[in-house]
Structure formats: structure tokens, C-alpha cells
> 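Right, I'll just put the structure down here and ask away after.
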Amino acid sequence: MAVTSFFSVPFARFRLPDAGPLNAELRDLILAREKEGARWRNPQSNMNIPNGLFESNFELFLWPERCIQQLYEFCMNQLFSVVGEVNGYTRDRLMQLELKCHAWFHVTRRNGQFNAHNHPMASWSGVYCVQSGTSDAGESKSGVLHFQNPHQHAGMFIDPANEHMIDAYTSKGRNLVLSAGDLVLFPSWLFHEVFPFHGDDERITIAFNCWFNERDPALNRFK
């Protein structure tokens, strides 16, 4: 007898080595841009932006600052490694893919949160934690990144035979507590949310969406 896992969802989690100096540069830059307000704020968010949350426009990875470009390189290198693994692609096959993406930052202060959503028109999404923030004592879910279980009917009947199944088969959602330097990658279709942040400083994250096209074969000559 063998138990097989069907309908699995790929997640990847990485940690940027020696992230402290880079995160300090990112934090200073992001907080300075936040203070400028409308110049950097997302002007057309399709989500309700509550008090306590600042969302930037989606051009962050186009900024020329060294810290931004270092983070971009780290995130995209990890993403390509994941795409290669889950698709069984060789390095040559990955080189045939043209990456497109957009990115933005969130600064979250007390009671700031982000409601459940996914990211249409992208295949992979990611969240990088610049600063996790210091939560109040006893607030274990403060600022937690929560992923809803996509098996919509898995919880329609709960009894002792299925209420304690291992993580691969559970009907429950998953909570991720991100620390500074953490990167998580996940399929863009998966619904997720950020629980309210309860703290006196800032929780700072950078999010991005990515999608891919087949590269023009004529361009491959110039790799």
C-alpha cells in the first residue's frame, strides 16, 4: 500500500546571507520614499488600502539604487532555480525564457493589514522581508503572512479520521512568520493575506509578480 500526494502546491523559502547591511539600505530608502507620499504611492490600487499601510507603485525593481538591484538579482536567481526544479528544465531551457515582472513595497504600521487576494496575470509571486517589526507581547499572529488552503471542499466534514492529518493533506491554511532577510516564492493564483500588525515600529516588505514568455530565438545568439 502506498499513499500518494496529489494536487500539491509548490512553495520555496530562502534566506539572503548577511542580509543586515542590505536591509538597512533598503529600509532607509523605502522610508524616505514613503515620506514623499503621492510621488511613490500606488495611484490605482485594486485593493482597499487601510490606515496603517502604505503601498508603493509597481516600479520598484526599476529603481537604479544599488540595494534594489542587488535584491532584484537575488530574488530572480532564486525564482529561476525554482522554475527549473518544478518544471524539470535544464539551464539551456531556462535561458530560452524571457522574464517580466513588477514589484512594490509595503510599509505596515499598527493595525495595518492586507486582505485576502491573489495575483492574476502572473505565474509566480514573491515576498521579501526587509524588516519584520517588533510585535506586542502575546500577539503571535501579528503581521503573519497567511495562505488559504486551495482545497475548497476539504473541510466540508471533519471527524477524528481527518482532523489531524499531516501538513501535506491538511485542510487548514498555513501561516508564515517572516524574518528580515527571508524570501518566499509561491504560485500567483494562491490566495493569501497579511494579518493585522500590532507593534510600534514598521513592518517592511517587498513583493513582486513575475511572468514569462518564450525568448525570441534570434536574441539567443547574443547571450
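The residues of the chain are indexed from 1 along the displayed sequence.
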> Given Arg41 and Ile49, is the side-chain contact (heavy atoms from CB on, under 4.5 Å) satisfied, shown in steps?
CA-CA 11 Å; Arg41 181 180 288 112; Ile49 305 299; over 6 Å; no

> Please tell me whether Leu71 and Leu31 are part of a single hydrophobic cluster in this structure, the criterion being side-chain heavy atoms less than 4.5 Å apart.
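Same hydrophobic cluster.
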
> Taking Arg174 first and then Asp167, would you say they form a salt bridge - that is, a charged N and a carboxylate O separated by under 4.0 Å?
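Salt bridge present between Arg174 and Asp167.
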
> Would you check if Leu29 and Ile68 make a side-chain contact, meaning some heavy-atom pair closer than 4.5 Å?
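Yes, side chains in contact.
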
> With sequence neighbours left out, which residue pairs that include part of residues 139-164 fulfil the salt bridge (Lys or Arg N to Asp or Glu O under 4.0 Å) condition?
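Residue pairs with at least one partner in residues 139-164: there are none.
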
> Would a distance-only check, ignoring hydrogens and angles, find a side-chain to backbone donor-acceptor pair under 3.5 Å from Ser123 to Cys210?
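Between the backbone of Cys210 and the side chain of Ser123 there is a qualifying donor-acceptor contact (under 3.5 Å).
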
> One pair to check against side-chain hydrogen bond (donor to acceptor under 3.5 Å, both in side chains): Glu55 and Asn42. What are the steps and the verdict?
CA-CA 6 Å; Glu55 180 178 79; Asn42 182 1; 2.8 Å; yes

> Please tell me if the side chains of Trp189 and Pro150 come closer than 4.5 Å, counting only heavy atoms from C-beta onward.
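Heavy-atom side-chain distance check passes, below 4.5 Å.
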
> Within 45° of the axis and under 6.0 Å from the centre of the six-membered ring of Trp63, does NZ or CZ of Arg33 qualify?
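Checked: cation-pi criterion met.
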
> Between Arg27 and Glu202, is there a side-chain N and carboxylate O pair less than 4.0 Å apart?
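Salt bridge: yes.
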
> So how far is it from Cys75 SG to Trp124 CH2, rounded to the nearest 0.5 Å?
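That separation rounds to 14.0 Å.
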
> With side-chain hydrogen bond (donor to acceptor under 3.5 Å, both in side chains) as the criterion, how do Arg66 and Gln69 come out once you've worked through the C-alpha distance, each side chain's angles and the decisive distance to 0.1 Å?
CA-CA 5 Å; Arg66 183 180 66 94; Gln69 293 309 309; over 6 Å; no

> Can you tell which of Phe197, Phe208, Phe114, Phe54 makes a ring pair (Phe, Tyr, Trp, His ring centres under 6.0 Å) with His106?
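That would be Phe114; it is the only one of Phe197, Phe208, Phe114, Phe54 passing the ring pair (Phe, Tyr, Trp, His ring centres under 6.0 Å) with His106.
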
> Given the rule in the ring pair (Phe, Tyr, Trp, His ring centres under 6.0 Å) test, do Tyr128 and Tyr72 qualify, once you have shown the distances and angles that lead to the verdict?
CA-CA 10 Å; Tyr128 177 79; Tyr72 171 79; over 10 Å; no

> My understanding is that only residues two or more places apart in sequence, or in another chain, count here; which of them pass side chain to side chain donor-acceptor pair (under 3.5 Å) with His151?
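Applying side chain to side chain donor-acceptor pair (under 3.5 Å) to His151 gives none.
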
> Do Gln113 and Asn115 get their side chains close enough for a donor-acceptor pair, meaning under 3.5 Å?
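Side chains of Gln113 and Asn115: pair found under 3.5 Å.
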
> Just to verify, what does His102 make a side chain to side chain donor-acceptor pair (under 3.5 Å) with, not counting sequence neighbours?
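For His102 the side chain to side chain donor-acceptor pair (under 3.5 Å) partners, ignoring immediate neighbours, are Asn209.
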
> Donor-acceptor check, side chain of Ser142 to backbone of His198, threshold 3.5 angstrom: yes or no?
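The answer is yes, because a donor-acceptor pair under 3.5 Å joins these two groups.
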
> Enter the distance from Glu98:CD to Lys100:NZ here, rounded to the nearest 0.5 Å.
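Rounded to the nearest 0.5 Å, the CD-NZ separation comes out at 4.0 Å.
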
> Do Arg109 and Asp201 sit within salt-bridge range, that is, some charged N less than 4.0 Å from a carboxylate O?
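Looking at Arg109 and Asp201, the cut-off is not met.
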
> Measure across Gly143 and Val194 and return the closest heavy-atom pair with its distance rounded to 0.1 Å.
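Closest pair (atom of Gly143, atom of Val194, distance): O-CG1, 3.9 Å.
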
> Side-chain polar contacts of residues 175-187 - donor-acceptor pairs under 3.5 angstrom, sequence neighbours left out - could you list them?
residue : atom : partner : partner atom : Å
Asn175  : OD1  : His146  : ND1          : 2.6
Asp182  : OD1  : Arg15   : NH1          : 2.7
Asp182  : OD2  : Arg13   : NH2          : 3.2
Asp182  : OD2  : Ser179  : N            : 2.9

> Excluding sequence neighbours, so at least two apart, what forms side chain to side chain contact (heavy atoms under 4.5 Å, CB included) with Glu73?
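Result, side chain to side chain contact (heavy atoms under 4.5 Å, CB included) vs Glu73: Asn77.
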
> Evaluate whether atom CG of Asp18 has more than 12 neighbouring non-hydrogen atoms of other residues, nucleotides or ligands under 6.0 angstrom away.
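Count not over threshold, so no.
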
> So how far is it from Asn23 CG to Cys129 SG, rounded to the nearest 0.5 Å?
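It is 7.5 Å, given to the nearest 0.5 Å.
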
> To the nearest 0.5 Å, what is the distance between NZ on Lys35 and CD1 on Ile30?
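Lys35 atom NZ to Ile30 atom CD1 measures 13.5 Å (nearest 0.5 Å).
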
> When clusters are formed by joining ILVMFWY residues with side-chain heavy atoms under 4.5 Å apart, either directly or through shared neighbours, do Leu145 and Leu190 land in the same one?
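Yes, Leu145 connects to Leu190 through the hydrophobic network.
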
> Which atom pair, heavy atoms only, marks the closest approach of Ile158 to Ser171?
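Heavy atoms of Ile158 and Ser171 come nearest at CD1-OG, 4.2 Å.
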
> State, with a plain yes or no, whether a side-chain heavy atom of Asn111 is found less than 4.5 Å away from one of Leu53.
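With C-beta onward as the side chain, the pair stays apart.
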
> Using a 3.5 Å cut-off and no angle test, enumerate the donor-acceptor pairs between side-chain atoms of residues 3-12 and protein atoms at least two apart in sequence or in another chain.
residue : atom : partner : partner atom : Å
Ser5    : OG   : Ser8    : OG           : 2.9

> Report yes if the side chains of Ile206 and Val130 come closer than 4.5 Å at any heavy-atom pair, otherwise no.
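Yes, close enough: below the 4.5 Å cut-off.
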
> Check whether any side-chain N or O of Asn162 sits under 3.5 Å from a backbone N or O of Phe157 as a donor-acceptor pair, and report yes or no.
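At least one qualifying donor-acceptor pair exists.
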
> Between Glu214 and Arg93, does a salt bridge (charged side-chain N to carboxylate O under 4.0 Å, His left out) hold up when you go through it step by step?
CA-CA 10 Å; Glu214 296 287 348; Arg93 179 68 182 98; 2.7 Å; yes

> For the hydrophobic clusters of this structure (ILVMFWY residues joined by side-chain heavy atoms under 4.5 Å, transitively), does one cluster hold both Phe105 and Phe58?
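No, because Phe105 and Phe58 fall into different hydrophobic clusters, even though each may have its own neighbours under 4.5 Å.
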
> Hey, could you give me the CZ/CG distance between Phe212 and Leu97, rounded to the nearest 0.5 Å?
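Rounded to the nearest 0.5 Å, the CZ-CG separation comes out at 6.5 Å.
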
> What about Leu60 and Val107, same hydrophobic cluster or not, with Ile/Leu/Val/Met/Phe/Trp/Tyr joined at side-chain heavy-atom distances under 4.5 Å?
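In one cluster: yes.
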
> Are the aromatic ring centres of Trp104 and His119 under 6.0 angstrom apart?
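So the answer is yes for these two rings.
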
> Atom OG of Ser81 and atom CZ of Phe14: how far apart are they, to the nearest 0.5 Å?
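If we round to the nearest 0.5 Å, Ser81:OG and Phe14:CZ are 4.0 Å apart.
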
> Begin with the C-alpha distance, continue with both residues' side-chain angles, and end with the deciding distance and a verdict on side-chain hydrogen bond (donor to acceptor under 3.5 Å, both in side chains) for Gln96 and Arg215.
CA-CA 5 Å; Gln96 297 171 6; Arg215 187 182 297 277; over 6 Å; no

> Is there a chain of hydrophobic side chains (I, L, V, M, F, W, Y, each step under 4.5 Å between heavy atoms) that links Phe61 to Val82?
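Yes; Val82 is reachable from Phe61 via cluster members.
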
> I want to check something: taking the side chain as every heavy atom from C-beta on, are Gln148 and Glu193 in contact at a cut-off of under 4.5 Å?
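Side-chain contact under 4.5 Å: yes.
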
> Of the non-hydrogen atoms in Gln70 and Leu22, which two are nearest, and what is the gap between them?
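Of all heavy-atom pairs spanning Gln70 and Leu22, the closest is OE1-CD1, 3.3 Å.
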
